[in-house]
Structures are given as structure tokens and as C-alpha cells.
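Residue numbers begin at 1 in each chain, while the letters A, B, ... track the order of the sequences.
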Amino acid sequence: ETKGHFWSIRYASEEDPSQGIVVATTRPETLFGDVAVAVHAEDERYKHLIGKNVLIPVINRPIPVIADEHADPEKGTGAVKITPAHDFNDYEVGLRHGLKPVVAMNLDTTLNHEAGPYAGMKRFDARKKLVKELEEGGQLVAVEDRVIAVPYCYRSGDVVEPVLLAQWYVKMAPMADPALAAVEPGAPKDKAVRFVPDRYVKTYKQWLEPRRDWCISRQLWWGHQIPVWYVVSETDGQVRDNTPYVVGRTEDEARRRAAEKFGAACVLKQEEDVLDTWFSSALWPFSTQGWPDRTEDLATFYPTDVLITARDIIYFWVARMIFSGLKFLGKAPFHTVYIHGTILDEKGQRMSKSKGNGIDPIEMIEKFGADAVRFALLTLTTEGQDIKLSPVKFEGGRNFANKLWNAVRFVHPHLTAAAPSLDGLELSLADRWILKRCGETLREVEAALEPSALRFSDAAQALYRFTWDDFCSRYLEVRKKDITGEDSPAKRASVTVFRTVLVDLIAMLHPLMPFITEEIREAIGEPVPLVTGAWPAPRAVEFPESDAKIMEGVLSVVEAVRQVRGGYSLPPGQPLSVRVLFDDPGAAAALSPHAWMVSGLERIASLDFEGGKPAFAASALIPGGKVYVPLEGLLDPAAEKVRLEKELERARAFVTTQEGKLKNGKFVSGAPPEVVEAEREKLRTQLDKVAKLTEALADLG
RNA sequence: GGUCGCUUAGCUCAGUUGGUUAGAGUACUUCCUUGACAUGGAAGGGGUCACAAGUUCGAGUCUUGUAGCGACCACCA
């Protein structure tokens, strides 16, 4: 936007010079290219002039007044000069009315013979002189200062001047139609393209649907020269608008064709314009594979699977690859287009060299590690959303890599070289649990990485949780003593299970963290590189619901003990005596054989499941029971009371809302029975909690 | 002007067909250098899901509207 002027100029009527019409323009010098003055058909001010001629000032060339919707009665004077050769909109108006464009300017921005006395003047010199002349002649009605949008060239800084020139075009309708069909539901498999996220189909269609012909010639040095040869011997050795031409894949081919029509002596000159860079890029999926030859590479790599790219390139490149592929090979170049978000800086601004707000990946890799950077970026990649990036975000990736590495380093001396079978080992509940969790994680990762899903963040997070929480914090801690201990069935089982899970884990992590996983693979003596190895297969593991209950029980006891420890700020190293009392004696019987797991996760002096409530004990609830931790000399009844009351308050509040929900007849009759039953179950659980907490408070006195 | 996206904990973001007391990472408070990892472990605090109306037994989730932010495209005689 810059400051400019808005000149109102009077065009006199041809039949009665006292009459006329005033048009407003920001570029008066273009009036030499005028072919009409347009007004709105319903505009009362000008209705009577429609069909009559007015005269262009200075050169007095007559032009018609036409009615066209382009003229907006609200804008300017309501009358607009039409200069098809020097304005995009006017060009369209000219087409609608069958007006022959008049080019009034040369490529060096001097005015041409159409400008009469102004011929040969530079555009802005002409403007200055013309305004003065119009003013003196009384034809300049008004001058208004206003801010106008002027297009500047991003390289030369010059004002861009539209001018009508002959160019090469691709007729789009035959190209666009198959490309549009490719994203419709019923498209044949090899001609179908899916966008992820699918909302980008809309962007894609918006570009193609107008079927606007594509101007492919460019007046540049770099690029593929357009394979058109003019037969210049037919037009005195010059290239003119009427010079015949031939096309060919090579000059020889063009020459043969030209010779057939124009004789062997004809002289050819190749078009100097080059193809639009996107035309060349559109051929990329197959031109890089040897096309037009039917090479092995082409057969192997066309079509490919997934194109990963940014949304601002959907039309420029993606759509053009699709319609070119469909046109030249009859198949879509890929079945899926994954549109990722844009990486922005911390403040949400695009990174740019001029702003200097870029984050150099090489620097980040040096600081955090390549896998850490890659994993962190994948974690941040959710459904095409933009990513506000800052260096601290790579810390999580680095910490994760460190965690995995240290776990392996710890177990490494105990691992046996080859991967033995799980058959014949005495697998504990913990072993079967981690094997089952590993299988669940495999399914999660597979679902997330499906070509139709491509939820990279989900895959990364599933692996993160499994590795950190289940594999390291739970399984490894529980089995630590067995793994590092003397040879025993427990050691053999735990070491083998650890290795088995680790091998699956690094295979799953490999696409996300290729370096550290390959390093680990080598360190544990697995012979086949992950990059060429197989994706893990699901493993059959016995883990019935009863086992799941026991595992939950163990973890809830641990959590209860930790709550007490945390509540009293007791050091983790201080052993605690723990008594767990279940409402159902069967639960105690089921859990007690597996209670050893608790001592892997918490420092325990003793753990039993019977006897009465110990004296001076802090308590915490677990599903279906209570955990007591005697704290003689440490127990603070007042603090304990506060803690329990807070929890009681929460439980009571929930009971109130839950009862309200279940008293609502519409809910009970309207909701599916299983939902209602689930809500009842919740209420029962909370009522039980209220009862237990009330009891615990009463015990405190 | 057209199209699309975003608005959820201090910050950065998940939350897949409407149905646990809305989650994670980070930051914060307290405790801990315990024999893989302090790039670590444990406990805890923190959100009327931008606002308004509607649909529904039930809305962070669906509909409409409003506000703010952002992107792309078009236009600006």
C-alpha cells in the first residue's frame, strides 16, 4: 500500500461534446489503451449513454459506453475505463463484450504508437505530462489523495505493469476433471488419493474446480525450455503471432515434423521461454524414475505411497503432480497426501532468515541428539496443527533417550547373548503383564501409523508411556532383584522376558529413533539390523481378567503406601510396615502370593493381609479395602484428620451429583442400560469410600 | 470479501463415533543423591474446557451466533 492519487477524468461524448462521462483512475496513462467505458446497467446517471460513444482525451479515439456488472455505482464515479491489455479485470470485461484489446505500452514501459503525442515516453513521465495537459484542457475534474495498493516486484522493487502478451497455456478442464474424481469416494484404487487430515480435500478442490487455464511460459533463464519450435522461415526469419510452430520431444523430432509440412529447407527457432517451475515439478514422481522410458525404477517407485508436505503447496505442487500422473501414467502418483503443520517459533511466528528467529536443526542435534530431536518433533506433530517450537521442547526427547539407554545399560551385563525362547520358563504375573502391555502397545502404534491415520504423536506417546511407566518404572523395578541376583528360575525368566520385550520395543521405536535403537540392537547381540528387520508380530500371552485384578491390586497398595509416605514426608529409604485389609477375604488370598511385587516398588519392612487395625496407623483406601501403615511416634492425628476429611468431602460431593443423576427418571429411562449400570456402580464405590473414610476418622477419635 | 484452522492447567498441547471425578509434557511446592537414569524417583497443588443460546436423559465433544488470534486465496477502477 502506498500513497497515490485518484484522478477523475472527463471523456466527452462523440455526438455532443457538451455531454460526457467522468471516470476515476489511479493510472491515467493507461487511457491510451482504453476500449470502452463501463457503467452499471441500472445506474440512472449513465443509462442514457449506454451504446453511445465517448472520446478518449488527447487522442480523441471513440470508444463505446457499455453496461457491465464490473462497474460498481458505489465506487468512484460509478463509471470505469476499460483497458483490457493492462488490467486483469478489464481483460475479463473485454472478453465479455468482444472488445479487441489495445496494447498501449512496450515491454520497457514506454508508451507505444497508440499514445499519439506521448509515444516513446516512460509511463510515469507520461502520467505527469498527461495530468497537466488534462488539467489545462479542463478535462481533469478532481484529484484525490488516497492510499492505494500497488503491486511491486519482490526482486527489482519496480511497480508491476500488467501487459497483454502471447503465452503458452495448459487447458485445464481435461486435466482437472480426473484429478477431482480422484478424491471422490468411489474412485478406482489406482486413481484414488486421500488427504490426511481430510479437510484439505476442500482446499484441493477449490483450486481445481475453476479449471482455470494454466499459464506455463516464463521469461527466465532457468528451467526447461519449452519444446516448441517456430518455423521462422515462413515469416521472414522472425517470430510473430502468426508464425507456425511444431512441437517435439527433441529438436530432431521437431525438425522431422516441420520438414513434412514446410519442406526440408525450413528454418526453426526454439521458443525461448521456459516452463513454469511447477510444471517441471509436477513431473517429479515419474520424471525422476526414467520416464518416458518404461524403466524398472519407474515400475518399482511409481506409484509411491504417501506424500508428506505442507498445506501451502497443495495446488502448486500436489494437485499438479496428481493430474500430471493421471494424465501421463494413468495412475495417481501416491494414495495418500499427509499435510503437516508449519513449524513456528516460540511466539507463533513463521521462521525466516530476515527475522532471524529460526531454530537450526543441526545445532539442536548437536545439543540433544538426532533421535531426541526426531522423537520430540513427532510427539509435537498432531493432526496438521502448527507447532510452536523452542529448544526446551527437545529436552523431553533427550530425557527419554537417556531413560531407555540407562535401563538397557543396567540390565546388559545380565543378558544372555542369544534370544532364548519363553517356553519352559517360570513366568511370574509381572512377566506376563509386561508381555501383554507390550502387545497392547504394538496394536496402539500400528493403529496410529496406519496410512489413513498417521497420528505420529499418538505412536510416540504410546511408546513413551510404555517404555517409561510400564517397562522401566514398574517391570524393571519389580524384577530388579531377580535380574541382578544369582542364577535362579526367577532370574532366567525375568532376564529373558526383559530381552524379549526390549527386542519388540526397539523394533517399534526404530522408525522414531533409528540411531539409539540400532545401537541397542547391536549391543545386545541381535544379528539382524532393525532397518531391514521385521516389524514385531503379536505374541500370545495368557493374562486373564483375574490377573489384571491382582496387578491393579498390587499397584493400588503401592500407591496407598506412597500416599502415606508423601503425606508424612518420609524418606523413600525408610522401611514401612504395611497391613492390607480387604473386605473380601478371597481378594487377600488371591493377592498375597504376588505381594512380593510391592517390595520392588516400595521399601517395605513387612506386609501382611490379616489381623486387626494396627495402633497409631495412617490409612489409605484401595478398591475393596484399606491399607494401614503404623507410624508410632510419627502419626499426627490432626494432620491425618485433615487429609482424610478432604478426601471424604470429595467423595461426598461426588455421591451427591451421582444420586441426582440416578434420581432423574429421564436419565434412567433414556440412557442405555449399561451406562445407567455403570453410574450405579460408581455410586456404590463412592458410598463405600464414604463409609470407610468415616470409619477411619472415627478411629482417629 | 472467500475458505480453513485455533481458543482446554502458569506455558505447550492431547482429548477418535456425545456417557469415569477432563489428561500429558513442562513449570511450581514438599521430600529423596536408594545399588540404571538428578537428563532421576515419590507425593501434592493447579482448569466454571473463549463467550452466549440451542439440541439431548447427558455437551470439552453436536448446531447456530458472538469475540479474539492465525493461515491461504481473491480483490482493492
Side-chain angles (χ1 to χ4, degrees), chain A residues 1 6 23-27 30 38 70-72 75-83 87-90 93 147-150 197 199-200 202-203 206-207 311-312 314-315 341-342 344 346 348-350 368 372 376 379-380 382-390 392-393 395-412 447 453 455 457-458 461 464-465 472-473 476-477 480-481 484 559 561-574 601-603 650-651 653-654 657-658 661 664-672 674-676 678-679 681-682 685-686:
Chain A
E1 301 221 315
F6 200 49
V23 302
T25 181
T26 56
R27 294 187 299 155
T30 62
H70 175 57
D72 182 348
K75 276 190 185 169
T77 61
V80 57
K81 62 199 258 333
I82 301 300
T83 321
D87 184 280
F88 294 102
N89 282 311
D90 291 4
V93 176
V147 175
I148 53 176
V150 178
R199 64 173 181 273
Y200 287 111
K202 201 160 182 175
T203 308
Q206 266 167 5
W207 275 108
R311 60 176 172 258
D312 48 2
I314 288 174
Y315 180 66
T342 307
L344 307 170
E346 221 166 336
Q349 295 175 313
R350 283 184 97 93
F368 299 103
T379 306
L380 296 169
T382 54
E383 273 289 291
Q385 283 309 304
D386 289 351
I387 296 167
K388 288 186 199 168
L389 192 65
S390 62
V392 289
K393 298 208 169 169
E395 285 175 9
R398 177 200 58 189
N399 296 353
F400 179 61
N402 182 257
K403 185 79 181 176
L404 177 66
W405 182 254
N406 279 303
V408 177
R409 198 181 56 148
F410 175 63
V411 181
H412 186 255
R455 296 191 308 268
S457 172
D458 283 5
Q461 282 182 39
Y464 182 98
R465 279 197 308 272
C472 293
S473 297
L476 183 52
E477 293 299 332
K480 195 177 254 179
K481 280 182 193 136
T484 56
E559 199 188 334
V561 175
R562 284 175 177 174
Q563 270 169 13
V564 171
R565 199 186 284 279
Y568 285 90
S569 294
L570 302 173
Q574 180 177 336
L601 298 168
E602 263 297 301
R603 190 57 82 87
R650 246 188 257 176
F654 185 63
T657 61
Q658 208 59 15
K661 202 183 270 186
N664 184 342
K666 284 181 185 166
F667 170 70
V668 178
S669 59
E674 61 271 20
V675 173
V676 177
E679 296 298 322
E681 180 58 34
K682 274 185 245 166
T685 307
Q686 288 308 304

Fill in: Over all atoms of both residues, closest heavy-atom pair of A:Arg199 and A:Glu383
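Between these two residues, the closest heavy atoms are NH2-O, 3.9 Å.
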Worksheet entry | Value in whole Å for how far the P atom of B:rC75 lies from NE2 of A:His70 |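 Distance check: A:His70 NE2 to B:rC75 P gives 11 Å.
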Discussion item. Without decimals, in angstroms, what is the distance between A:Lys666 NZ and B:rU55 P?
Written reply: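 Taking NZ of A:Lys666 and P of B:rU55, I get 11 Å after rounding.
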Short side-chain N/O contact from [X] to OP1 or OP2 of [N], under 4.0 Å:
| X | N | answer |
| --- | --- | --- |
| A:Lys202 | B:rC4 | yes |
| A:Thr382 | B:rA14 | yes |
| A:Gln658 | B:rU21 | yes |

Worksheet item: When you check every protein heavy atom under 4.0 Å of nucleotides 27-40 of chain B, what one-letter string (B, S, -) results, 5' to 3'?
Response: ---SSS-BBBB-BS
Worksheet item: Taking atom types as modelled and ignoring hydrogens, do the side chains of A:Thr379 and A:Lys393 form a donor-acceptor contact shorter than 3.5 angstrom?
Response: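 No, because no side-chain N or O of A:Thr379 sits under 3.5 Å from a partner of the opposite role on A:Lys393.
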Worksheet item: What nucleotide, of B:rG19, B:rC13, B:rA77, holds the atom closest to the side chain of A:Pro672?
Response: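 For the A:Pro672 side chain, the nearest candidate turns out to be B:rG19.
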Fill in: From B:rA77, B:rC57, B:rA43, nucleotide with atom closest to A:Arg562 side chain
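In terms of side-chain proximity for A:Arg562, the closest of B:rA77, B:rC57, B:rA43 is B:rA43.
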Discussion item. Can you list everything that forms a ring pair (Phe, Tyr, Trp, His ring centres under 6.0 Å) with A:Phe368? Sequence neighbours excluded, please.
Written reply: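 With sequence neighbours excluded, A:Phe368 shows a ring pair (Phe, Tyr, Trp, His ring centres under 6.0 Å) to A:Phe394, given in chain and number order.
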Worksheet item: For RNA chain B, what are the stems built from at least three Watson-Crick or G-U pairs in a row, each pair having both distances below 3.5 Å?
Response: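 For RNA chain B the paired stretches long enough to count as stems (3 pairs minimum) are B:1-7 with B:67-73, B:10-13 with B:23-26, B:28-32 with B:40-44, B:50-54 with B:62-66.
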